[in-house]
Amino acid sequence: MADIHSPSGIPVKPAYGPGDGPTSGDSLGAPGQFPFTRGVQATMYRGRLWTMRQYAGFGTAAETNARFKHLLEAGQTGLSVAFDLPTQMGIDSDSPRALGEVGRVGVAIDTVDDMHVLLGGLPLDRVSTSMTINATASTLLAMYIVVAEERGIARGALSGTIQNDILKEYVARGTYVYPPKPSLALIAETFRFCAEEVPQWNPISISGYHMREAGATAVQEIAFTFANALAYVQAAVDAGLAVDAFAPRLSFFFACHNDLFEEVAKFRAARRLWARLMRERYGASDASCRMRFHTQTGGVTLTAQQPLNNVVRVAVQSLAATLGGTQSLHTNGYDEALALPTAEAATLALRTQQIVAYESGVTQTVDPLAGSYYVESLTDELERRAVELILKVAELGGAAQAIEAGFMQQEIGQSAYAHQLAVEAGQRVVIGVNKFGDGAEPPVIPTPDFSQLAAEQRARLAAVKASRDGTAVAACLGVLEAAVRAGETRLMPLILDAVRARASVGEISDALERVWGKYR
């Protein structure tokens, strides 16, 4: 019989028995108890379902607002915002550098007035909002807070998450602006601000998803995510914050791919490993050791060929995420390998979650795969291999140094290359691509007129600039830049002042960049 390995290269035996993996004791524990292998709540989905949070961002704030309302009416329970690349990189829509990119992969937000349109009519005190934003996360959080403020909603009532995970941008995604050191300091400042001012807000979502999209294995996804997470925790501690003042609000973001059992084991291993790291390194309380995470089904697993097959892939991945104990879930539309998801595809993706939640039976008992010889063995082996990789990162001086040395990038690149070779050789089957293909051309999905959309966005920004108090804007930006030059760390109040004055994302980003410089 040929040797079989999981996608992470773990050998898979023909059968597993009582000697494979623990079924009790300190490594397994009870649901809701350290080390949280079996889940972060004692009752899990019997007490409350995961948040169904579909990711959306479509060119203009008005179009995205309409999609949010459609999804909420369809039963979505949380919002998730995709921003266009200029917004993510601190570039205004009227900049030559934004040409051809405005609104193309998400919503364009230039000033708080755009954010007002994006969130118009949405109950911000009753729905949580996740924002996929990193280098400019502090500014977009400030805009969200100012929208609530100007609508009479208290900060304490706001709940949501900013991704705010800059280290993985240097590894796998590329929407960085400033060098690592000031970026980490700004992240520590958002930790402080949220702990003091917005207590229900998660100040970071430490993301393995984008590294997995770049080709990381499940082992690498766990290890590099946690190496980055430890760097953020240490930066906050070095800034004078007590671990238990901010760590309970840390959140994580993982991908979910097609190998159901390895993915379930990955989530279980990650929960246990994070709990152990926080307890052993920082003496953290149970609240700080609970690893809460969002999951998105694997974008890179979707195929343009036979796109309806993606419905099945997403269903398998949804099942793995929920069997693994996710706290929130985004399910991809079947047409996302071709274009931004249509309303039909987005609704079907949401219905997939709802069928898993209400018809599959997975919510009836906690951690239903616990005690499976195979799953417990995989859980142990994934944790062991992840620890080995984390130690290698530590030997290089930590996450920032490992990234500077290209270690994470090289490891992920090698895994991506090996996966592609296996697909091309037919050793790893992708239905409709290298097996059971039908030769049909992928369907064509109409796309918006992005040039018209960009022109309208530039006109909106020009109108704001014409109507605002330019002197007040310049004063706020001057105070912010002077504070950065003086090495002050409490920057969030100053960013909020600039946002209230209608300073743009690009203007605020430029004020910081003039002092910190640009990372290349």
Side-chain angles (χ1 to χ4, degrees), residues 56-68 79 81-120 122 129 131-151 162-164 175-178 448-478 480-481 492 494-514 518:
F58 293 86
T60 68
E63 290 174 305
T64 306
N65 176 265
R67 176 60 64 87
F68 284 157
L79 304 177
V81 187
F83 296 98
D84 72 355
L85 285 175
T87 304
Q88 293 183 50
M89 299 190 72
I91 302 168
D92 286 336
S93 296
D94 60 0
S95 168
R97 293 172 61 209
L99 190 64
E101 292 294 345
V102 176
R104 208 166 260 280
V105 297
V107 61
I109 299 292
D110 289 306
T111 70
V112 72
D113 286 1
D114 289 329
M115 190 69 92
H116 266 292
V117 175
L118 177 71
L119 302 172
L122 300 175
T129 305
M131 296 192 285
T132 301
I133 196 74
N134 295 283
T136 55
S138 55
T139 302
L140 273 296
L141 172 60
M143 288 184 173
Y144 193 94
I145 290 169
V146 170
V147 167
E149 194 176 90
E150 293 178 349
R151 286 171 51 181
I162 42 173
Q163 193 162 99
N164 205 22
T175 67
Y176 44 75
V177 177
Y178 323 112
D449 181 348
F450 287 109
S451 60
Q452 177 65 27
L453 185 154
E456 293 171 358
Q457 183 64 22
R458 287 194 295 269
R460 278 190 291 274
L461 177 55
V464 173
K465 287 183 175 180
S467 64
R468 70 189 184 179
D469 183 340
T471 303
V473 172
C476 288
L477 293 172
L480 174 62
E481 184 175 339
M492 278 300 296
L494 305 181
I495 293 171
L496 281 160
D497 287 342
V499 165
R500 288 189 196 98
R502 269 48 188 177
S504 68
V505 170
E507 289 168 334
I508 294 169
S509 180
D510 288 348
L512 302 177
E513 187 183 317
R514 281 192 290 271
K518 185 184 288 292

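Throughout, residue positions are numbered sequentially from 1 according to the sequence presented.
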### Query
Sub-3.5 Å donor-acceptor pair from the side chain of D110 to the main-chain atoms of S93, do we have one?
yes
Which pairs of donor and acceptor atoms, one on a side chain in residues 96-104, lie under 3.5 Å apart (sequence neighbours left out)?
| unit_1 | atom_1 | unit_2 | atom_2 | d |
| --- | --- | --- | --- | --- |
| R104 | NE | G100 | O | 2.7 |

### Query
Just by modelled atom types, is the F83 backbone N or O under 3.5 Å from a matching donor or acceptor in the Q88 side chain?
yes
### Query
Got L480 and L512 here, is their nearest side-chain heavy-atom distance under 4.5 Å?
yes
### Summary
Taken to the nearest 0.5 Å, the spacing of I495 CD1 from S509 OG works out to 10.0 Å
### Message
Run the side-chain contact (heavy atoms from CB on, under 4.5 Å) test on Q457 and D114 for me, step by step, so that the C-alpha distance in whole Å, both residues' side-chain angles and the decisive distance to 0.1 Å come before the verdict.
### Response
CA-CA 9 Å; Q457 183 64 22; D114 289 329; 2.9 Å; yes
### Query
Taking it one step at a time, do V147 and M143 satisfy side-chain contact (heavy atoms from CB on, under 4.5 Å)?
CA-CA 6 Å; V147 167; M143 288 184 173; 5.6 Å; no
### Query
Does D113 come within less than 4.0 Å of R502, counting only side-chain N to carboxylate O?
yes
### Query
Would you say M115 and V499 make side-chain contact, with heavy atoms under 4.5 Å?
no
### Query
With a 4.5 Å heavy-atom cut-off, do L140 and I162 have their side chains touching?
no
### Query
L118 pairs by side-chain contact (heavy atoms from CB on, under 4.5 Å) with which of I109, T60, L79?
I109
### Query
Distance-only, no hydrogens or angles: does the D84 side chain make a donor-acceptor pair with backbone N or O of T87 under 3.5 Å?
yes
### Query
In Å and rounded to the nearest 0.5 Å, what is the OG1 to CD1 distance from T175 to I133?
7.0 Å
### Task
Apply side-chain contact (heavy atoms from CB on, under 4.5 Å) to the pair L477 and D510, showing each step before the final yes or no.
CA-CA 9 Å; L477 293 172; D510 288 348; over 6 Å; no
### Task
Starting at OG1 of T129, measure out to CG of L119 and round the result to the nearest 0.5 Å.
6.5 Å
